[in-house]
2 protein chains.
Amino acid sequence: MARRSDHTREEIKAMAIAVGRNLIQENGLPGFSARKVALGIGYTVGTLYNVFENHDDIVLHINAVTLEDLLAYMEKRLGDDDQESHASDLDVLKGLAACYIDYARENYNCWSALFEHNLSPEAPLPVWYGERIDALFGFIEARLKPVVGKDEAEARQTARVLWASIHGICALTLTNKLTLVGVETVEGLTDSLIENYVAGLKSR
Amino acid sequence: MARRSDHTREEIKAMAIAVGRNLIQENGLPGFSARKVALGIGYTVGTLYNVFENHDDIVLHINAVTLEDLLAYMEKRLGDDDQESHASDLDVLKGLAACYIDYARENYNCWSALFEHNLSPEAPLPVWYGERIDALFGFIEARLKPVVGKDEAEARQTARVLWASIHGICALTLTNKLTLVGVETVEGLTDSLIENYVAGLKSR
DNA sequence: ACCTGAACACCGTTCAAGT
DNA sequence: ACCTGAACACCGTTCAAGT
């Protein structure tokens, strides 16, 4: 057993988040438990509850890391370069969608934990968690600039509509809640969404 | 304790589903447990495992009832009457989205259990469960007829894109994963989706 | 001050033994 | 044949007692 002062409070927190994220990665959210985390970091559950509020608090911290990881993944793959490239507006958006779908596929368990875990709707979302979500939308909104005007409010709304729609298609498909037949693919669906939604925007 | 032959296998199944759905309705999926269900129907867990395969199997049966309930809700509210009414194509779709959002709000716990519960992606979805999903899409596709042509494959895909997108907006918003500011509302987002997507479809 | 260890009230799942 | 009851290996959460 670890002796006191072996690690700071922050170190224990970081170790727990890393071990917990690993558990989810390997076996999904149902494979996660505070007791397994405690075992994995060499402390007892009591210590874990000294550092975290409760079960939800740990999962929220793990999901926040996944959100950061997703943003880093998108920044790395989409970078700033096609800002100056010759990619069309449509291709930029399709690339964004494809990137999200790839991340969800490659990190299925961590990605699905993002949505299998919900606080009761009255419970306030911690501000630090909301900031991770906002950071993601900031990135998306920036790439939408060429498509929407520079009307702030409209860019915000358009980014949210497109992103939520892409997520909906991705989520229902990957979780087998939307059976695809014949030539249908996730990318085919998101392409249809983007092509027609953007055509609609531009025709106004 | 209930004596043998008090209820048929099918009766026990139906009782368990009803009690289990009630548990979810009251306290969400985390408030559900096989042991509570057993207590509620007056049998022991052993009997429950005689009738159901496992935990997932019970939840799947409960969710199937929710899918039926959702379809009945939409049929009742949207009926067949605006088929002959003067509602525009856009209004029909907006009504469909509004109906889904209302159901999700009014039945939040049962609705969110639909998506908090996932089988491992390799596990095959039971056919009887797939049928409930298909029945839902059948209803949606029928109302899309005026908007899309009568190309079967295209109607299928369009229905899936629109429905999944509406679901994505609804899901992220109701679970606090998409913060709305100012004048934004769920309905505002789905309206934007529908208006622009349909305008795009018609401009081709 | 920090951490343990045990306790409490739960879980899902299995299966020998009763009727 | 059907159901029970107990067992097994787990959970989240709390907190007195140790160092």
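Every value quoted in this text rests on a predicted model; they were computed, and no experiment measured them. What you see below is based on every heavy atom in this structure, not just the backbone, and it leaves out hydrogens, waters and symmetry mates. Below, read A as the first sequence line, B as the second, and so on, with proteins coming before strands; counting in each chain starts at 1.
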Just the table, please: protein N/O against nucleotides 15-17 of chain D N/O, every pair under 3.5 Å.
none

Next item on the list: In whole angstrom, give the distance that lies between atom CD1 of Ile12(A) and atom C1' of dC2(C).
Entry: 9 Å

Check: Would a line drawn from the ring center of His55(A) to the ring center of Phe32(A) be shorter than 6.0 Å?
Finding: yes

Check: Hey, is Arg105(B) close enough to Glu187(B) for a salt bridge, meaning N to O under 4.0 Å?
Finding: yes

Checklist line | Basic-acidic side-chain contact under 4.0 Å: Glu26(B), Lys36(B) | finding: no

Item checked: Residue list, salt bridge (Lys or Arg N to Asp or Glu O under 4.0 Å) with Asp191(B), at least two apart or on another chain -> none

Check: Is the closest side-chain donor-acceptor distance between Asn118(B) and Glu116(A) under 3.5 Å?
Finding: yes

Next item on the list: By nearest nucleotide on DNA chain C, pick out whichever of Val51(A) and Arg35(A) is the more 5' one.
Entry: Val51(A)

Notebook entry, point to check: Do we see a donor-acceptor contact under 3.5 Å between the side chains of Asp69(A) and Tyr103(A)?
Noted result: yes

Notebook entry, point to check: His55(B) has an atom NE2; how far is it from atom P of dC10(D), in whole Å?
Noted result: 18 Å

Margin query: Just the rounded figure in Å: distance from P of dC10(C) to CG of Leu39(B).
Written below: 11 Å

Notebook entry, point to check: Rounded to whole angstroms, how far apart are CG on Asn27(A) and C1' on dC10(D)?
Noted result: 15 Å

Next item on the list: Nearest whole angstrom, please: distance from the C1' of dC3(C) to the NZ of Lys13(A).
Entry: 18 Å

Notebook entry, point to check: What stems involve DNA chain D, if each pair must be Watson-Crick or G-U and both of its distances must be under 3.5 Å, with 3 or more such pairs in a row?
Noted result: C:4-8 with D:12-16, C:12-16 with D:4-8

Check: Is a side-chain donor-acceptor pair under 3.5 Å present for Ser192(A) with Tyr197(B)?
Finding: yes

Item checked: Residue whose closest nucleotide on DNA chain C lies nearer the 5' end, Asn50(A) versus Lys36(B) -> Asn50(A)

Check: Between Tyr43(B) (OH) and dA1(D) (P), how many Å, whole number?
Finding: 18 Å

Next item on the list: Starting at CG of Leu162(A), measure out to NE2 of His167(A) and round the result to the nearest 0.5 Å.
Entry: 14.0 Å

Item checked: Leu48(B) CG - dG5(D) P separation (whole Å) -> 15 Å

Check: For the pair made of CG in Asn54(B) and C1' in dT14(C), what is the distance, rounded to whole Å?
Finding: 13 Å

Note to self: Rounding to an integer number of angstrom, what distance separates dC15(C) and dC3(D) when you compare their C1' atoms?
What the structure shows: 12 Å

Notebook entry, point to check: Would you say the side-chain atoms of His7(B) and Tyr43(B) include a donor-acceptor pair closer than 3.5 Å?
Noted result: yes

Margin query: Let's see if you can work this out: which of dT13(C), dG5(C), dC11(D) has an atom nearest to the side-chain heavy atoms of Thr44(A)?
Written below: dG5(C)

